[in-house]
2 protein chains.
Amino acid sequence: MANCDSVAARTRARLLQLERRSLLDELMSKGVRLTAQRRILVEIIQNASNHLDVAALLKEAQTRESSIDRATVYRTIDLLKRLRLIDELDLMHLNGEKHYYEVKTRRDHLHLACFECGRIEEFATPLFEELKAEISRRSGFQIQVARLEVGGRCRSCRTAAASHEDRKEEPVLRNKTASA
Amino acid sequence: MANCDSVAARTRARLLQLERRSLLDELMSKGVRLTAQRRILVEIIQNASNHLDVAALLKEAQTRESSIDRATVYRTIDLLKRLRLIDELDLMHLNGEKHYYEVKTRRDHLHLACFECGRIEEFATPLFEELKAEISRRSGFQIQVARLEVGGRCRSCRTAAASHEDRKEEPVLRNKTASA
DNA sequence: CTGATTGCAAAGAATTTGCACTGCT
DNA sequence: AGCAGTGCAAATTCTTTGCAATCAG
């Protein structure tokens, strides 16, 4: 499974031309202390095929080193965030308030979260880079992190809904308990 | 202060040409039950000059109706979110993990959060709309919510830093406790 | 009237922290 | 050796929920 994940991750990266760099190399070049725990966590994040939340990251890490603690995961994530090596996402809160993490890529990309099927699509376009450039130019803001998350209905859910189009307007009025 | 807020809010909306609509009217037109609590909360959100978090919203609401509860605030926010009348932001977690809310505008705008001074700038550009159009066109995704948040250094912090440019590379290595 | 909405209190989820101990360099 | 990093357990912060009472339509 680690292998599959790794392959999937590379495929994903290639398709999007995302040009990730090695987290470990980055850490070393910045003089960060490389503990066993950090190596493990960083390796998992680097090779993950999905966006990882803390629970998933912790669980996977514990299969390799059972003593690893939640706190270490949070602290490592915090370190990587501050070094701007990973991005933090919430994927439109499709599954609660937790956060997800992924290796930062040279060209930012964005995430499309389908409210119906829950799938996450990634999307990259030069327009995003242009937009960031315009922001900097017009507002004088120096961009360090840019996060664009989109929620809606993916193509397949849309066509699926169109086929039996007896659907009325979405019934969003009920309380959360009812909508769950 | 309610007056000032209202004026500020209108000014902000005008500057960005954001064309907000009345939340109350929207709710009525959708047949939503209008309780006293909802009127109050909706009015506060509508006229707020800043982005409100739940605590601020609750506190303000309680000045008008002291019995209003946290739970009602969360439930009302949830309702407004599902009706897509408000947007949820986290403003790059500059102040913890809480969320902020604002009335949804016809043309989406984005938020620039300065990591140094903590100020939030709003920014609107046709490029954002173009970007969304391109996403829909190329991926077939039907966009219902789009949230772009940017973190970095605002113009004034940048020029302030430039003036006494003895600064080294940002010292991001230390632990959270140290960075706070 | 009657079901949707509320307040209350308690639970739950996500994240952070203090402290003694461990392990890089 | 010395201090950054870790594990543990408790604390904090933010959000949700079950239930009896209340209110809008």
Side-chain angles (χ1 to χ4, degrees), chain A residues 24 27-28 30-42 51-59 61-62 64-83 88-91 93-101 171-180, chain B residues 24 27-42 52-59 61-62 64-83 88-91 93-101 171-180:
Chain A
L24 256 167
L27 290 178
M28 286 176 61
K30 306 213 184 207
V32 170
R33 202 156 180 156
L34 280 182
T35 64
Q37 293 88 334
R38 284 179 179 169
R39 286 174 196 277
I40 292 174
L41 291 170
V42 147
H51 302 106
L52 292 168
D53 62 12
V54 169
L57 184 47
L58 176 61
K59 192 178 157 205
Q62 285 180 333
R64 310 198 200 177
E65 172 61 65
S66 63
S67 69
I68 286 188
D69 190 79
R70 201 156 62 264
T72 300
V73 175
Y74 279 108
R75 289 191 273 235
T76 302
I77 284 175
D78 189 68
L79 174 71
L80 296 173
K81 259 195 320 197
R82 278 180 292 118
L83 292 173
E88 184 176 64
L89 315 167
D90 58 32
L91 301 182
H93 302 303
L94 285 186
N95 292 294
E97 299 300 320
K98 62 192 162 207
H99 293 128
Y100 297 86
Y101 301 90
V172 263
L173 290 185
R174 298 285 145 264
N175 251 345
K176 188 158 231 179
T177 40
S179 72
Chain B
L24 255 168
L27 290 178
M28 287 175 59
S29 76
K30 307 213 183 205
V32 170
R33 202 155 181 156
L34 280 182
T35 63
Q37 293 89 333
R38 284 179 178 167
R39 285 173 196 279
I40 292 173
L41 291 169
V42 148
L52 293 168
D53 61 13
V54 170
L57 184 47
L58 176 63
K59 193 178 156 205
Q62 285 180 332
R64 310 198 200 178
E65 172 61 66
S66 63
S67 70
I68 285 189
D69 190 78
R70 204 159 55 268
T72 301
V73 174
Y74 278 108
R75 288 191 275 234
T76 303
I77 283 175
D78 189 66
L79 174 70
L80 297 173
K81 261 195 316 196
R82 276 179 293 117
L83 292 172
E88 185 175 64
L89 315 166
D90 58 32
L91 301 182
H93 302 303
L94 285 185
N95 291 294
E97 299 299 320
K98 62 193 163 207
H99 294 128
Y100 298 85
Y101 302 90
V172 263
L173 290 185
R174 297 288 143 261
N175 252 345
K176 188 158 229 177
T177 39
S179 73

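Protein chains get the first letters and strands the later ones, always in sequence-line order, with residue 1 at the start of each. Just so it is clear, the structure is predicted and the values come from calculations on it, not from any experiment.
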If you measure from [atom1] on [X] to [atom2] on [Y], what distance do you get to the nearest 0.5 Å?
X: B:R64; Y: B:L41; atom1: CZ; atom2: CG; result: 9.0 Å
X: A:R39; Y: A:L34; atom1: CZ; atom2: CG; result: 5.0 Å
X: A:H99; Y: B:H93; atom1: NE2; atom2: NE2; result: 3.0 Å

Heavy-atom pair with the smallest gap, counting every atom of [X] and [Y]:
X: A:A56; Y: A:L52; result: CB-CD2, 4.0 Å
X: A:L58; Y: A:R70; result: CD1-N, 3.7 Å
X: A:Y100; Y: A:N95; result: OH-CB, 3.7 Å

Heavy-atom side-chain contact between A:L83 and A:L27 under 4.5 Å: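 Yes; the side chains approach each other to less than 4.5 Å.
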Does the side chain of A:H51 reach to within under 4.5 Å of the side chain of A:L89, using non-hydrogen atoms?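 Yes, at least one pair of side-chain atoms sits under 4.5 Å.
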Atom pair distance, as rounded to whole Å: [atom1] in [X] and [atom2] in [N]:
X: B:D78; N: C:dT6; atom1: CG; atom2: P; answer: 12 Å
X: B:E65; N: C:dT6; atom1: CD; atom2: P; answer: 12 Å
X: B:R82; N: C:dA4; atom1: CZ; atom2: C1'; answer: 13 Å
X: A:L57; N: C:dT15; atom1: CG; atom2: C1'; answer: 14 Å
X: B:L27; N: C:dA4; atom1: CG; atom2: C1'; answer: 15 Å
X: A:L58; N: D:dC8; atom1: CG; atom2: C1'; answer: 13 Å
X: B:L79; N: D:dA24; atom1: CG; atom2: C1'; answer: 15 Å
X: B:D90; N: D:dT15; atom1: CG; atom2: P; answer: 11 Å

Give me, pair by pair, the N or O atoms of the protein and of nucleotides 23-25 of chain C that are less than 3.5 Å apart, along with how far apart they are.
residue	atom	partner	partner atom	Å
C:dG23	N2	A:R33	NH2	3.0
C:dC24	O2	A:R33	NH2	2.3
C:dT25	OP1	A:L34	N	3.4

Let me spell it out: for each of A:D69 and B:V73, pick the nucleotide of DNA chain C with the closest heavy atom. Which residue's pick is nearer the 5' end?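 Result: B:V73.
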Tell me whether the OP1 or OP2 atom of D:dG7 has a side-chain N or O from A:R70 closer than 4.0 Å.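 So the side-chain polar atoms of A:R70 never come under 4.0 Å of the phosphate oxygens OP1 or OP2 of D:dG7.
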Might you list the N or O atoms of the protein lying below 3.5 Å from N or O atoms in nucleotides 12-14 of chain D, with each pair's distance?
none

Listed partners of B:Y101 passing side-chain hydrogen bond (donor to acceptor under 3.5 Å, both in side chains), at least two apart: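 For B:Y101 the side-chain hydrogen bond (donor to acceptor under 3.5 Å, both in side chains) partners, ignoring immediate neighbours, are B:E88.
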